[in-house]
Amino acid sequence: MGTSITDWATVEGAYYVGYGGWEWLWFLVSFALCVGSLVLGSRHEKESYKKLKK
Amino acid sequence: MEEQLAELATKVAELEGLQAAGNTALAELYYYLTIPLMVIIHAGFLAYEMGASRQKNVLASGIKNILAFAFVIPAYYFIGWWIYWAFPTGFTGSTGGWEISGFEYAAFALPWSEYAGPNLSDQSTGVFWGAFTLFAATTASIFSGAVIERIQVVGFLLLAILLGGVLWTLGAAWGWHADGWLVTGLGYHDFGAAGVVHMVAGFFALGVLINLGPRIGKFNADGTANEIPGHNMPFTITGLMLIIVGFWGFLMGCVIIGGEAWSWGAAGSWATIYGTPMTVSAMTFNILMGFAGGIIGAWVVTRDPFWMMSGALGGIISCAGGLDLWWPPLAFAIAFAGGAVMKPAAVFIEEKLKVDDAVGAVTVHGVLGVWGLLAVGIFASGYPALQTPEGTEMVYISFFGQLVGAVVMFLLGFAPGYALSYVLKMLGLLRVSEEAEIAGLDLTKVPAKAYPEGILAPATPAE
């Protein structure tokens with residue numbers, strides 16, 4: 001991904017990794033990680049209840 | 001002579017620049033420090049909830065609390081921060097009188113905005129976002145305690161995300177923003193967030209509790225209630241004290257430091273979020289007097305340390321709406337009344353409404369949030385409610401405005417809490433299985449033990 005910054009003296013605004021085009025990707029990845037964690041958490045919970053029932 | 005004057009002007013400009021830089025650094029540091037202080041609130045809620053749980057559910061309660069904090073942070077980044085700036089004037093997304101609201105203005109708060117990350121031309125957004133995020137997490141923690149020992153983790157998290165990421169911040173946009181329609185239209189005044197945080201969270205909890213139902217064994221067949229004591233009262237009480245320590249950070253976050261491009265007034269002055277003048281001194285007087293009044297009021301009625309420490313919190317919440325305005329003895333009296341009414345209100349909710357609120361969250365945050373808002377209407381009517389933009393008419397605090405605000409905050413918390421928990425119940429995502437509730441949630445799903453060696457009883461009565 002890298003950056004086009006070659007000299008800190010010229011930087012005035014945003015300077016984060018992915019600035020200027022990659023924001024959507026990392027937004028979607030972080031969002032998907034949250035949703036995925038919830039799905040896996042729910043699955044773990046249901047399995048725990050089933051296991052206890054046995 | 002001209003040269004000397006020019007030199008002097010340069011020196012003055014330099015000094016002004018230094019003063020401005022110093023003020024900016026102070027302002028940023030001030031809000032930055034509210035964040036670790038507010039994290040203490042969560043340390044407190046964690047201890048409070050785990051202490052209020054029975055031994056068999058201690059770690060499951062802890063997991064639920066920690067995860068609420070963790071999921072509300074990205075939720076507030078993804079959507080909450082934008083909601084606060086987009087909707088103050090209502091759902092139209094139009095710009096308000098101060099031109100710091102509406103869809104166009106709120107674009108800076110979208111997660112893919114260049115201001116939502118490291119940016120050398122903007123050193124304050126992240127700090128403000130952080131402070132607001134901790135407010136959001138606080139609402140989720142308020143709700144969390146009420147539902148311990150029988151709610152599913154993921155169902156709970158979906159509810160916490162809705163509350164912390166959407167609902168409270170919508171309330172804040174309407175009633176805790178200088179362009180908020182409740183403020184500009186009705187003079188709604190809620191300095192310390194009695195309505196926008198406490199009421200919304202407290203009544204959200206009530207909506208969920210109705211669908212969730214009581215813990216097994218809470219009510220007898222004849223409708224009478226049993227007490228289900230937590231396993232560690234000292235832990236619970238210490239947790240409550242930690243919440244109060246953190247509240248100083250929470251209330252610090254309700255103050256605007258003057259002298260900045262984004263703030264009200266000159267450097268060295270302080271204002272409320274509505275732009276009305278205030279002093280930190282006023283807030284200090286009233287927080288401490290509210291704290292004391294709440295404890296003593298609860299002590300007189302209950303003699304119970306749990307309710308006394310809840311009274312400290314309830315006392316501050318009772319005074320929260322007008323912490324910038326109260327005469328300290330009046331703050332004490334308002335808090336005393338709040339502390340005194342807490343236990344009877346909790347008994348009413350439990351015995352008459354048959355609601356099992358494990359930590360009294362509906363009472364402490366919901367009921368006393370109402371009292372906090374109405375107290376401002378009763379005692380502080382007539383004060384100018386905000387700094388109005390030039391050319392617009394002044395709006396004043398009134399009982400009617402506070403009452404309408406209380407109704408709005410009640411509905412904003414209760415209705416979505418009831419609706420989403422009903423949907424989760426239909427989907428089988430709300431309540432744990434009966435077997436798991438009886439066996440204990442730690443045994444069922446936590447790969448660790450809270451007390452691997454048990455809690456030993458003393459060998460002799462003297463120990």
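Just so we're on the same page: letters track the sequence lines, and every chain starts at 1. Quick caveat, the model's predicted, so the values are computed rather than measured.
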* Give the intermediate values and the outcome of side chain to side chain contact (heavy atoms under 4.5 Å, CB included) for residues B:Glu114 and A:Tyr19. => CA-CA 7 Å; B:Glu114 63 179 297; A:Tyr19 171 60; 3.5 Å; yes
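Only the side chain of A:Leu52 comes within contact range of chain B, judged by heavy atoms closer than 4.5 Å. Proximity to chain B (any heavy atom under 4.5 Å) is shown, for A:Lys51, by neither the backbone nor the side chain. B:Leu441 does not touch chain A: none of its heavy atoms, backbone or side chain, sits under 4.5 Å away.
Remark: A:Phe31 CZ to B:Ile79 CD1 distance equals 9.0 Å, nearest 0.5 Å. Taking CD of B:Glu434 as the start and OH of A:Tyr49 as the end, the distance is 13.0 Å to the nearest 0.5 Å. Rounding to the nearest 0.5 Å places NZ of B:Lys445 at 10.0 Å from NZ of A:Lys46.
The shortest side-chain heavy-atom distance between B:Phe78 and A:Cys34 falls under the 4.5 Å cut-off.
With hydrogens and angles disregarded, no donor-acceptor distance shorter than 3.5 Å links the side chain of B:Gln152 to the backbone of A:Glu45.
Contact record, B:Val154 with A:Gly41: CG2-C, 3.6 Å, taken as the closest heavy-atom pair. Contact record, B:Ser113 with A:Tyr16: O-OH, 3.9 Å, taken as the closest heavy-atom pair. A:Tyr15 and B:Asn119 make their closest contact through CE2-N, 3.6 Å (heavy atoms, listed as atom of the first residue, atom of the second, distance).
Between B:Trp112 and A:Trp24, the ring-plane angle classifies as parallel under the 30° and 60° cut-offs.
Among A:Gly20, A:Ser37, A:Ala14, the residue with the largest count of heavy-atom pairs under 4.5 Å with chain B is A:Ala14.
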